[in-house]
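Just the heavy atoms: all of them, side chains too, but no hydrogens, waters or symmetry mates, feed the values below.
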Amino acid sequence: MWKKHDHGWIFLPGRSAPEFAAAEAAHCRYFRLDDEEECFAEDDVSCYNCRYRRWTRDSFECMNREAHNE
């Protein structure tokens with residue numbers, strides 16, 4: 001579901017896969033809810049709402065390097 005990138009990890013399902021983003025966040029011990037005005041998804045626990053998420057044109061990058069080293 002993820003692909004390594006120079007700065008982090010790209011979420012392959014993209015911006016239109018809320019069920020996958022929620023499932024990934026539910027299993028991530030590094031998930032941290034972003035500020036309310038930065039939240040995108042209806043479900044609070046979603047990679048789309050994580051403070052380590054940085055949007056790209058088609059998806060987002062997970063900037064927490066430890067999250068993908070386990």
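Listed for the Arg15 side chain is a donor-acceptor partner under 3.5 Å among the backbone atoms of Thr56.
Taking the side chain as every heavy atom from C-beta outward, Cys39 and Leu33 approach each other to under 4.5 Å.
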Anything under 3.5 Å between a donor and an acceptor, one on a side chain of residues 18-28, the other on a protein residue two or more places apart or in another chain? List them.
unit_1, atom_1, unit_2, atom_2, d
Glu24, OE1, Trp2, NE1, 2.7
His27, ND1, Ala23, O, 2.8

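Taking the ring centroids of Phe60 and Trp9, they lie at or beyond the 6.0 Å cut-off.
The CG atom of Asn49 sits 6.0 Å away from the CZ atom of Phe31 when rounded to the nearest 0.5 Å. Of the inter-residue distances, the one linking Arg51 atom CZ with Tyr30 atom OH reads 15.0 Å to the nearest 0.5 angstrom. Remark: Phe11 CZ to Cys47 SG distance equals 6.0 Å, nearest 0.5 Å.
Identified under the salt bridge (charged side-chain N to carboxylate O under 4.0 Å, His left out) test for residues 38-50, with sequence neighbours left out: none. Legend: salt bridge (charged side-chain N to carboxylate O under 4.0 Å, His left out) pairs involving residues 54-64, not counting sequence neighbours: none detected.
A tilted orientation is assigned to the rings of Trp55 and Tyr48, their planes being inclined by 30° to 60°.
Judged as a salt bridge (charged side-chain N to carboxylate O under 4.0 Å, His left out), and not counting sequence neighbours, the contacts of Asp34 are Arg53. In terms of the side chain to side chain contact (heavy atoms under 4.5 Å, CB included) criterion, residue partners of Lys3 (sequence neighbours excluded) are, by chain and number, Leu12.
Here Tyr52 sits alone; no ILVMFWY side chain lies under 4.5 Å from its own, so it joins no hydrophobic cluster.
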